[in-house]
Each structure stands twice: as C-alpha cells, then as structure tokens.
Amino acid sequence: MENKINDILAKAKSLLPNAKTKGEVAAISADITGPNGSLTALMKIIPTLEKSQRPAAGKMINMAKSQIEPLITQAYARIENEQMAQALGESPDITLPNIDAPMGTLHPLTLTIRKICDIFKKAGFTVAEATDLETEWFCFDALNTPADHPARDAQDTLFMPRQTVAANVTKHADELYLLRSHTSSVQIRAMLKEGAPIKILAPGRAFRRDTVDATHSANFHQIECLYIDKDVRLTDLKAALVYLFKSLFGESAKTRLRPSFFPFTEPSFEVDFMSANLGKLSNKWIEIMGCGMVDPNVLKNVGLDPDVYSGYAFGLGVERVAMLVHSIDDIRHFYTNDVRFLRQFSGR
Ligand code: DAH
C-alpha cells in the first residue's frame, strides 16, 4: 500500500507541473482522484484490509490526497497565467484599468462649466468651442475693438511670433496670433460658421497679462453666451440672467443690471446678483459679469444685417462663480492639483 501511494505521489509531482493545458491537468487528476483513479482504487481496498491496518491506510491515502490537491490547483492557475501572458504579448498591458486605483473626480471648474451649460441647454442653447490660440481679428477687430481702442489695454495677452502658426489655421492668415484674452472670440467664429439664428454657450480658457494673486490668474476660464435672432430684446437678456441666477443660487436670487461699456455690446451692462444663502456674502449685491445687446457693428462684421437681427451676449468668469458657490478664498487652489482640495468636490 505504502509503495503504491508513494508511486502515485511521485507521478503527480512529476506530471502536474509539466502539464501544458487545462485538459491535461483534468486528465491527470481524473487518473488519480477521479472515480476510476488510482488513489480512489486504493481507497476502495481499505474495507478488504485487516481491521487493524485500516486506520493507517486511510491516513496515508488522505495525506497523499492533501498533497496532490494543491498541485492540481497550482497547475490550473499556472496555465491560466501563461495563457493570459500569451494573450497580452511579451509585456503586461499597462492600459488595463488598475482595480486598486482610487477613482479620480471631476475638477470643480469642470463641474461649474457643466452645471451652467446644463442650465442653458434646457433653454435650447448648444455648446460651441474654438481654439485657445486666436488671431487678433477674431479676438478684437471683429468684436468692434480696433487696434487703437483703449479697451485692448485691459486685455493684454501673449502674442505669438507669426511664423509659429500654420497659415491654414484661419482665413486671416496674415494676422498676429495670440492666446485669446476672452471667449468672446467664439461669438465671431460661431456666427461665421452657423449664421443666424444662433443660441450658443462657449466655455473655455482665456489668458491675460495679470499678476497672480488670490483673485487673479493669467490663465482662467470663461463661459460666453450668445443669442441672435429676429426681435431679441433686452428683456430677453434680463430673463435669461434671472433664470441663470435662480438656477445657480435658488429662487430667492435677485439680479440687477448696471450701465457699463464693452466695445462689442450696445447697450452694455455689469450684472450684479444677490442671494440669501451665500454665507458672509448673503443679501449683498455681488458684481459677477458683463453683458449687453450685441453691437450692430459686430453683426455687420460677420455678414448679418443688424436691421433684421439682434441679440444678446454675456461673458461669465467660471472661477468667480465656483469661488462664490463653494466659498473658495483663493483662485490658486484651482490650479495646484492638491487632492485634499479637489477631493471636496467629488460628491462622494
Ligand atoms: N469679454 C468680456 C471680458 O472678458 C466679458 C463680456 C462682457 C462678454 C460683455 C460679453 C459681453 O459677451 O456681452 O471682459
């Protein structure tokens, strides 16, 4: 009995680590521990043995079994790993998701942009985008801001050497290129592409020569809104703003317009809002953005007849809204990628 058991053990130890397929492992294990296997056959002999020998024989068989079973499991696992490695090629597939990796979250600025876009999507607006790199004509001239206009001073930005940009980026290829100082340039691109009527929201980055401090960044985000159609009036603009601020800050939010000046709108306004649930800033007028009725010159610059079409536009600072909504005291938090800050907006 003992010799037979040792033979079976030796066979298992030599065959199982060399099996090539799961089928081979199954055949070897059936040969040993299956209903017609060699070890099973020995177990069947036990009742025929002398009573005094039975316990020792049973014990030996069980010991053998407990050594053979892990060998079978290991053989299956080894073959599975080999097959997986083969399917992946020589090296592991590093694009596979790591099941242990902590989940990232959306950036608070992305969340704010999405929230505002969702609010306006409900009113039939679509999202338009354009490149951060823009020409002087799209960023200023077409927006009724000629080269000698003082409004350009407040929007100084990085100008690019002409040669660095491919001539086919714009039809105004002989223009100076710059990092756009506001998203208002998307108004021009969208109107040239789609004509009128048009209802768009254009979120994106803007760049300015600004000294960085708690409320200024040389690189920030805006959302531009443009609505052009026949018979669009100032009351439509006011209604859109009331809708926006009630959606953002609740039904108690109030909105007011103060006369202002932008070259691309006439009349132009600063928008203030007031909300009952803004902590220390509750129930105080807060200046939030610029808006107005699109200047007839802007419509003419994109080939639209100002006697037929009219419209409104506004430009909203995304950081400013996010800072107000979440009581964030320093704009630099948005750009330092500190997960302790970012994690707070995960909603998890
Ligand atoms: N582009 C302006 C800025 O960055 C903001 C702005 C004001 C946009 C009035 C508009 C507008 O569309 O109508 O300062």
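Note: hydrogens, waters and symmetry copies are ignored here, and every other heavy atom, side chains too, is used. Quick caveat: nothing in here was measured; it's all calculated off a predicted structure. We count ligands from 1, going down the list as the structure has it; atoms in each ligand are counted the same way.
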Q: Strictly below 4.0 Å, N to O, side chains only: are Glu136 and Arg152 in salt-bridge contact?
A: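 Answer for the salt bridge query: yes.
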Q: Can you find an N/O atom of Ser184 closer than 3.5 Å to an N/O atom of ligand 1?
A: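 Indeed, backbone or side chain, Ser184 has an N or O that close.
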Q: For Ser217 and Asn219, test the side chains for any donor-to-acceptor distance below 3.5 angstrom and give the result as yes or no.
A: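 The criterion, which ignores hydrogens and geometry beyond distance, is not satisfied for Asn219 and Ser217.
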Q: What atoms of ligand 1 come closer than 4.0 angstrom to any heavy atom of Cys291?
A: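 What qualifies from ligand 1 is 9 (C), 11 (C), 13 (O).
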Q: Thinking salt bridges, do Asp210 and Arg208 make one under a 4.0 Å N-O criterion?
A: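 Arg208 and Asp210: not salt-bridged.
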Q: Do His149 and Phe140 have their ring centres less than 6.0 Å from each other?
A: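 Ring centres of Phe140 and His149 not closer than 6.0 Å.
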Q: To check your reading of the model: name the closest protein heavy atom to atom 5 (C) of ligand 1, its residue, and the distance in Å.
A: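 Scanning the protein heavy atoms, the shortest distance from atom 5 (C) of ligand 1 goes to Gly315 CA, 4.1 Å.
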Q: Is there at least one pair of N or O atoms, one from Ala313 and one from ligand 1, spaced under 3.5 Å apart?
A: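 By distance alone, the answer is yes.
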Q: Between ligand 1 and Met289, can you find any atom pair, the residue atom being a heavy atom, that is separated by under 4.0 Å?
A: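 Flag not set, Met289 not near ligand 1.
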Q: Heavy atoms only, cut-off 4.0 Å: how does Phe314 contact ligand 1, side chain, backbone, both, or neither?
A: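 Contact part for Phe314 vs ligand 1: backbone (N, CA, C, O).
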Q: Determine, for Arg233 against Asp236, whether the closest basic-nitrogen to carboxylate-oxygen distance falls under 4.0 angstrom.
A: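 Result for this pair is no, no salt bridge flagged.
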Q: Look at ligand 1 and say whether Phe264 reaches it with a heavy atom at a distance under 4.0 Å.
A: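 Contact check Phe264 vs ligand 1: positive.
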Q: For ligand 1, which atoms sit closer than 4.0 Å to a heavy atom of Gln222?
A: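 Counting atoms of ligand 1 from 1, those under 4.0 Å from Gln222 are 3 (C), 4 (O).
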Q: Measure centre to centre between the rings of Phe120 and Phe314, then say whether the value is under 6.0 Å.
A: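 Distance test on ring centres: under 6.0 Å, yes.
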Q: Between Lys22 and Glu80 (salt bridge meaning N to carboxylate O under 4.0 Å), is one present in this structure?
A: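 Salt bridge present between Lys22 and Glu80.
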Q: One residue to check: Arg208. Relative to ligand 1, which of side chain, backbone, both or neither has a non-hydrogen atom less than 4.0 Å away?
A: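 Within the 4.0 Å criterion, Arg208 contacts ligand 1 through side-chain atoms alone.
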Q: Could you see if Ile32 belongs to whatever hydrophobic cluster contains Met1? Use Ile, Leu, Val, Met, Phe, Trp, Tyr and a side-chain cutoff under 4.5 Å.
A: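 Cluster IDs for Ile32 and Met1 match.
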Q: Are Phe264 and His182 an aromatic pair by the rule of ring centers under 6.0 Å?
A: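 Ring centres of His182 and Phe264 closer than 6.0 Å.
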Q: Taking only heavy atoms of Gln187 into account, list the atoms of ligand 1 that are under 4.0 Å away from them.
A: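 Heavy-atom distances to Gln187 below 4.0 Å select 12 (O).
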Q: Should you measure from each heavy atom of Gln155, which atoms of ligand 1 turn up under 4.0 Å away?
A: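 Selected atoms, number and element: 3 (C), 4 (O), 14 (O).
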Q: Could you pull out, from Gly290, Gly317, Gly292, the option with a heavy atom nearest to atom 7 (C) of ligand 1?
A: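 Of the listed residues, Gly290 has the closest heavy atom.
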Q: By number and element, which atoms of ligand 1 are closer than 4.0 Å to a non-hydrogen atom of Phe262?
A: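 Near Phe262, the atoms of ligand 1 are 7 (C), 9 (C).
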Q: At less than 4.0 angstrom from any non-hydrogen atom of Thr265, what atoms of ligand 1 do you find?
A: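 Those qualifying, in numeric order: 13 (O).
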Q: Is it the case that the side chains of Asp213 and His216 hold a donor-acceptor pair, with the cut-off being a distance below 3.5 Å and no angle test?
A: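 Indeed, the side chains of His216 and Asp213 share at least one donor-acceptor pair under 3.5 Å.
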Q: Tell me, which protein residue and heavy-atom name are nearest atom 12 (O) of ligand 1, and how many Å apart are they?
A: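 Of the protein heavy atoms, Glu224 OE2, 2.6 Å lies nearest.
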